[in-house]
Chemist: 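Questions regarding the structure given below will be posed in turn.
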Amino acid sequence: MPAGPEAEGVGTATLSPAGLEIHTGSWRSGGSPPTAPLRPPAGPRPLHSARRTMSVTDQAFVTLATNDIYCQGALVLGQSLRRHRPTRKLVVLITPQVSSLLRAILSKVFDEIIEVNLIDSADYIHLAFLKRPELGVTLIKLHCWTLTHYSKCVFLDADTLVLSNVDELFDRGEFSAAPDPGWPDCFNSGVFVFQPSLHTHKLLLQHATEHGSFDGADQGLLNSFFRSWSTADIQKHLPFIYNLSTNTTYTYSPAFKQFGSSAKVVHFLGSTKPWNYKYNPQSGSVLEQGSAPSSQHQAAFLNLWWTIYQNNVLPLYQSVQAGGALAAPGHTVDLAVSVSQISIEEKVKELSPEEERRKWEEGRIDYMGKDAFARIQEKLDRFLQ
Ligand SMILES: [Mn+2]
């Protein structure tokens with residue numbers, strides 16, 4: 001077993017330049033990691049030296065979970081990556097709203113869990129958030145550029161699913177992404193290759209503050225920031241099979257017939273996510289109620305998502321709960337598991353006024369939801385009237 005911070009069961013907490021607490025967990029579920037973690041070698045390292053058998057410790061797959069429900073997606077994504085033995089680290093960005101139960105479970109799949117608290121961050125981050133509170137989630141996503149202990153990363157949305165090893169994405173440079181099916185001159189920001197840099201992060205936040213986002217989210221902002229993507233360098237166009245949206249009814253169906261089976265990453269775009277379905281573990285298929293899967297290929301990807309959830313995520317809950325970790329009050333998930341049906345619901349435990357106050361004092365502020373600036377303003381206005 002390797003010694004030092006990589007050793008099993010040892011976690012470290014450090015303060016990064018951006019003022020974030022970084023918790024380094026370790027891969028613990030199901031025995032040893034696919035490849036032994038290596039210490040980064042001293043001195044400069046060549047960028048493309050990775051062999052499939054060697055792990056590259058200064059590159060990472062990164063995802064984001066803003067609440068316990070999205071954590072379910074992040075866990076399936078993480079396990080889908082693990083199934084194909086990635087040679088890079090797995091990192092998840094979370095918000096303060098994520099419960100201690102889900103943090104414990106995430107630490108079984110991800111090498112690193114990084115809490116992003118916009119309010120406690122460096123001044124330039126905090127200011128951007130104050131000026132554009134509506135871009136809260138977008139600003140959290142942009143935080144991935146602050147992961148400067150990695151030389152290069154691949155971002156994957158928590159509503160994506162990996163179907164094969166995709167380490168070759170690290171051969172691409174910043175900023176690489178696949179076309180958006182709705183407007184192919186724009187890229188889709190669910191899968192992209194980027195290079196962490198505090199300088200780029202500052203420029204992105206400056207851009208967000210000055211111009212906002214034309215679609216109100218990260219995709220609009222990133223497309224206007226990296227606006228030469230559609231014309232400058234074909235190497236930065238990822239093939240569509242690295243970000244195949246599952247809910248698009250393809251108007252070019254012969255292409256889907258020809259190339260659909262070579263998909264490497266699927267993306268559950270749209271408002272109905274895999275975790276919104278109910279699943280029958282006996283038939284191995286999602287239950288068609290209300291929001292029926294729009295097509296057969298979508299149903300196949302949804303069933304795969306749920307198979308991974310059942311086989312590789314649910315057992316983690318059992319191991320953590322047996323270990324005595326308790327869910328913190330607030331938003332978390334309610335898993336209903338029976339022989340014939342599994343479902344994931346959002347559970348909201350009301351806090352008592354004392355708990356509410358303690359939460360504020362501990363700095364666990366739900367600034368994206370209940371404690372959002374607009375609502376605080378509303379409360380203040382009512383109070384001042
Ligand atoms: Mn997405």
Side-chain angles (χ1 to χ4, degrees), residues 61-81 90-95 97-98 106 109-110 116 134-145 153-163 166 169 175-184 186-194 204 213-226 229 238-250 263-277 286 291 293-295 297-298 300-302 304-306 308-309 313 344 346 368:
F61 289 101
V62 179
T63 190
L64 162 68
T66 49
N67 59 40
D68 281 14
I69 294 284
Y70 267 80
C71 284
Q72 312 305 306
L75 286 165
V76 170
L77 166 65
Q79 293 292 47
S80 73
L81 279 161
L90 267 55
V91 174
V92 60
L93 303 180
I94 60 166
T95 63
Q97 284 71 52
V98 171
L106 287 169
V109 176
F110 290 87
V116 181
E134 78 280 7
L135 289 180
V137 174
T138 297
L139 300 184
I140 289 170
K141 189 162 172 175
L142 296 184
H143 242 84
C144 62
W145 267 272
C153 297
V154 170
F155 186 92
L156 294 157
D157 265 0
D159 58 352
T160 61
L161 180 65
V162 168
L163 307 177
V166 289
L169 284 173
F175 180 96
S176 298
D180 185 82
W183 193 263
C186 286
F187 55 80
N188 182 281
S189 60
V191 177
F192 59 86
V193 184
F194 71 100
L204 276 161
S213 164
F214 69 79
D215 67 359
D218 57 284
Q219 181 156 315
L221 174 69
L222 289 172
N223 268 281
S224 55
F225 187 81
F226 294 106
W229 173 85
L238 298 180
F240 196 52
I241 53 167
Y242 287 97
N243 187 351
L244 189 93
S245 48
T246 56
N247 63 335
T248 309
T249 317
Y250 291 103
K264 287 175 179 254
V265 181
V266 294
H267 188 179
F268 298 94
L269 275 181
S271 55
T272 309
K273 300 302 182 191
W275 49 87
N276 297 131
Y277 290 87
V286 293
S291 42
S294 69
S295 65
H297 63 260
Q298 193 196 1
F301 294 134
L302 280 172
L304 176 63
W305 189 95
W306 273 99
I308 296 173
Y309 191 78
V313 175
I344 304 166
E346 191 170 8
M368 308 301 296

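Read the numbers this way: they start at 1 and go in the same order the structure lists the ligands and their atoms. Just so it is clear, the values below take in all heavy atoms, side chains as well, and ignore hydrogens, waters and symmetry mates.
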Chemist: On a heavy-atom basis, which atom in Cys144 and which in Leu93 lie closest, and how many Å separate them?
Modeler: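 Result for this residue pair: N-CD1, 3.9 Å.
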Chemist: Tell me every residue that passes salt bridge (charged side-chain N to carboxylate O under 4.0 Å, His left out) with Asp159, counting only those two or more places apart in sequence or in another chain.
Modeler: Lys273
Chemist: Would you please indicate yes or no on a ring centroid separation below 6.0 angstrom for Tyr309 and Trp306?
Modeler: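 Trp306 vs Tyr309: aromatic centres under 6.0 Å.
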Chemist: For Tyr70, which residues count as a side chain to side chain donor-acceptor pair (under 3.5 Å) partner, sequence neighbours excluded?
Modeler: none
Chemist: Counting no waters, what protein N/O/S atoms lie under 2.8 Å from the Mn ion (ligand 1)?
Modeler: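 Under 2.8 Å from the Mn ion (ligand 1) - ignoring waters, which are not counted - the protein N, O or S atoms are Asp157 OD2, Asp159 OD1, Asp159 OD2, His267 NE2.
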Chemist: Mind checking side chain to side chain donor-acceptor pair (under 3.5 Å) for Trp145 and listing every partner two or more places apart, or none if nothing turns up?
Modeler: Glu174
Chemist: Take Phe187 and Phe175, measure what ring pair (Phe, Tyr, Trp, His ring centres under 6.0 Å) needs, and give me the verdict at the end.
Modeler: CA-CA 10 Å; Phe187 55 80; Phe175 180 96; 4.7 Å; yes
